[in-house]
Amino acid sequence: MTAPESPALPALLVDTLGRRARDLRISLTQACTLRCRYCMPAEGLPLLPREELLSAAEVTRLVDVAVGHLGIEEVRLTGGEPLVRGDLELVVAGIRARHRDLPIALTTNAIGLARRAEALAHAGLTRVNISLDAVDAELFARVTRRDRLADVIAGIDAARAAGLQPVKINAVLQRETLSHAPELLRWCRDRGLPLRFIEAMPLDADRAWSAQTMVTADELLDVLGATMVLTEAGRDDPSAPAALWLVDGGPYRVGIIASMTRSFCGSCDRTRVTAEGRVRPCLFSDDEIDLAAILRTGGSDEALADAWRAVTVRKRAGHADAAQLVAPRRSMGAIGG
Ligand code: SAM
Ligand code: SF4
């Protein structure tokens with residue numbers, strides 16, 4: 001761990017390019033109930049010893065520092081699969097008790113959400129992003145290596161019934177599911193669920209991603225355009241990663257996040273904390289600072305905030321073009337997506 005020394009660190013989480021982090025993503029575990037091929041190895045990631053994981057109280061403390069000292073405006077709980085944590089409701093309630101108006105979002109595969117959506121909403125969860133790559137059970141099982149589509153759909157229904165708003169669907173573009181994309185879109189449109197397609201990044205544990213074979217946003221537009229009329233509809237705000245398209249004249253819009261072919265690193269506003277409490281300013285750089293070590297040796301809020309600022313100042317400009325990109329050591333499931 002590098003000791004923060006510069007007295008000239010900016011008060012907020014700002015890097016040398018002037019980008020300010022406002023969106024904090026905290027991973028709660030590396031474990032998962034699925035094995036999506038673009039993310040996890042077949043055997044799953046190594047289980048972290050329980051004592052290494054941030055506890056609910058530690059997550060609350062880090063959020064306090066992030067919001068109170070560093071200007072973070074939104075927290076997203078992720079993983080691995082955050083629903084694997086039996087104390088997820090406690091994590092949410094702990095944050096909510098101290099931050100009444102803070103948006104708290106969950107990124108999840110929705111397995112087990114059917115039983116817990118109500119309690120999570122009650123604890124203070126604001127919104128949910130649910131990963132769903134296929135609504136055909138056989139295709140779903142092939143890409144996630146688990147036959148759990150029915151559980152995911154039950155989770156989606158429960159999240160909506162519990163009043164979580166919005167419930168958004170994320171689908172990662174893959175060769176195997178590309179021709180199924182129109183069906184997934186219609187399924188989401190019929191239920192009024194916002195859908196965003198995301199280009200796969202070289203963050204799979206199996207290191208099978210390749211610039212030559214990845215499905216691009218342009219390919220998706222060709223496939224969707226063959227059966228529906230898409231009209232460009234801009235972005236929710238100019239720095240939002242998703243480009244929006246009106247479907248068949250609207251009002252339904254689909255989002256496409258071209259993380260690889262149209263990088264949005266220039267307007268990145270994210271900072272990430274891994275499940276063991278390391279801050280990581282960029283998915284593609286292995287530069288991290290161990291906040292849990294500071295926290296567990298009695299470090300003050302100011303010491304935590306200084307360490308966080310120090311690693312943020314070093315945030316790199318962005319990832320290289322797809323063809324030159326070197327995958328980082330950790331995969332998406334080990335960082336927190
Ligand atoms: N298990 C939860 C889920 O799937 O929503 C949360 C963790 S998952 C790592 C967070 C997000 O990262 C998901 O939307 C997932 O689709 C996305 N993701 C995982 N691997 C990816 C990759 N190689 N490229 C792009 N997105 C990826
Ligand atoms: Fe699990 Fe989410 Fe990774 Fe799929 S994307 S393997 S659900 S962590």
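The shown structure was predicted, so the numbers you read here are calculated from the model rather than taken from an experiment. Counting starts at 1 for both ligands and their atoms, following the listed order.
- Comparing Pro41, Ser331, Ala205, Gly80 by heavy-atom distance to atom 8 (S) of ligand 2, the nearest is Gly80.
- Remark: side-chain polar atoms of Asp15 are not paired, donor with acceptor, to backbone N or O of Arg314 under 3.5 angstrom.
- Salt bridge present: Asp218 and Arg262 bring a charged side-chain N and a carboxylate O closer than 4.0 Å.
- Under 4.0 Å is where a charged nitrogen must lie from a carboxylate oxygen, and between Arg296 and Glu58 at least one such pair does.
- Of all protein N/O/S atoms, those under 2.8 Å from atom 4 (Fe) of ligand 2 are Cys36 SG, and waters are not counted.
- Close contacts between ligand 1 and Gly79 involve ligand atoms 7 (C), 9 (C) [criterion: under 4.0 Å to a heavy atom].
- When heavy-atom distances to ligand 1 are checked against a 4.0 Å cut-off, Thr108 comes that close only through its backbone atoms N, CA, C and O.
- Residue Asn170 approaches ligand 1 through these ligand atoms, each under 4.0 Å from one of its heavy atoms: 14 (O).
- Other residues, nucleotides and ligands contribute at most 12 non-hydrogen atoms within 6.0 Å of the CZ atom of Arg98.
- Under 4.0 Å is where a charged nitrogen must lie from a carboxylate oxygen, and between Lys315 and Asp287 no such pair does.
- The closest side-chain donor-acceptor pair between Glu81 and Thr108 falls under 3.5 angstrom.
- At the top of the distance list for atom 4 (O) of ligand 1, counting protein heavy atoms only, stands Ser131 OG, 3.0 Å.
- The N/O atoms of Glu199, backbone and side chain alike, include none that comes under 3.5 Å of an N/O atom in ligand 1.
- Taking the charged nitrogens against the carboxylate oxygens, Asp236 and Arg253 do have a contact shorter than 4.0 Å, which makes a salt bridge.
- Close approach of ligand 1 to Val172 is summarised as follows: ligand atoms under 4.0 Å from at least one heavy atom of the residue are 16 (O), 26 (N), 27 (C).
- Every atom of ligand 1 is numbered from 1 in the order shown, and the set under 4.0 Å from a heavy atom of Met201 is 22 (C), 23 (N), 24 (N), 25 (C).
- Atoms of ligand 1 found under 4.0 Å from any heavy atom of Thr78 (numbered from 1 in listed order, with element): 6 (C), 7 (C).
- Rounded to the nearest 0.5 Å, atoms OH (Tyr38) and CG (Leu173) are 10.0 Å apart.
- Atoms of ligand 1 found under 4.0 Å from any heavy atom of Glu81, numbered from 1 in the order shown, are 1 (N), 2 (C).
- The shortest separation from a heavy atom of Gly80 to ligand 1 is under 4.0 Å, placing the residue in contact.
- Note: no N/O pair closer than 3.5 Å links Asn129 and ligand 1 by distance alone.
- Residues Asp133 and Val172 have side chains in contact (heavy-atom distance under 4.5 Å, counting atoms from C-beta outward).
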> Given the rule in the salt bridge (charged side-chain N to carboxylate O under 4.0 Å, His left out) test, do Arg330 and Glu276 qualify, once you have shown the distances and angles that lead to the verdict?
Replying inline: CA-CA 13 Å; Arg330 282 176 184 261; Glu276 333 90 293; 2.9 Å; yes

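- Using a cut-off of 4.0 Å between Lys/Arg side-chain N and Asp/Glu carboxylate O, Asp306 and Arg309 are scored as salt-bridged.
- Screening Arg76, Arg96, Gln165 for a side-chain hydrogen bond (donor to acceptor under 3.5 Å, both in side chains) with Thr126, the sole residue that qualifies is Arg96.
- Those atoms of ligand 1 that come under 4.0 Å of a heavy atom in Ala200, given as number and element, are 24 (N), 25 (C).
- Screening residues 84-95 for side chain to side chain donor-acceptor pair (under 3.5 Å), with sequence neighbours left out, gives Arg85-Asp87, Glu89-Arg116.
- With respect to atom 19 (C) of ligand 1, the closest heavy atom belonging to the protein is Met332 CG, 3.4 Å.
- Nearest protein heavy-atom neighbour of atom 21 (C) of ligand 1: Tyr38 CD1, 3.6 Å.
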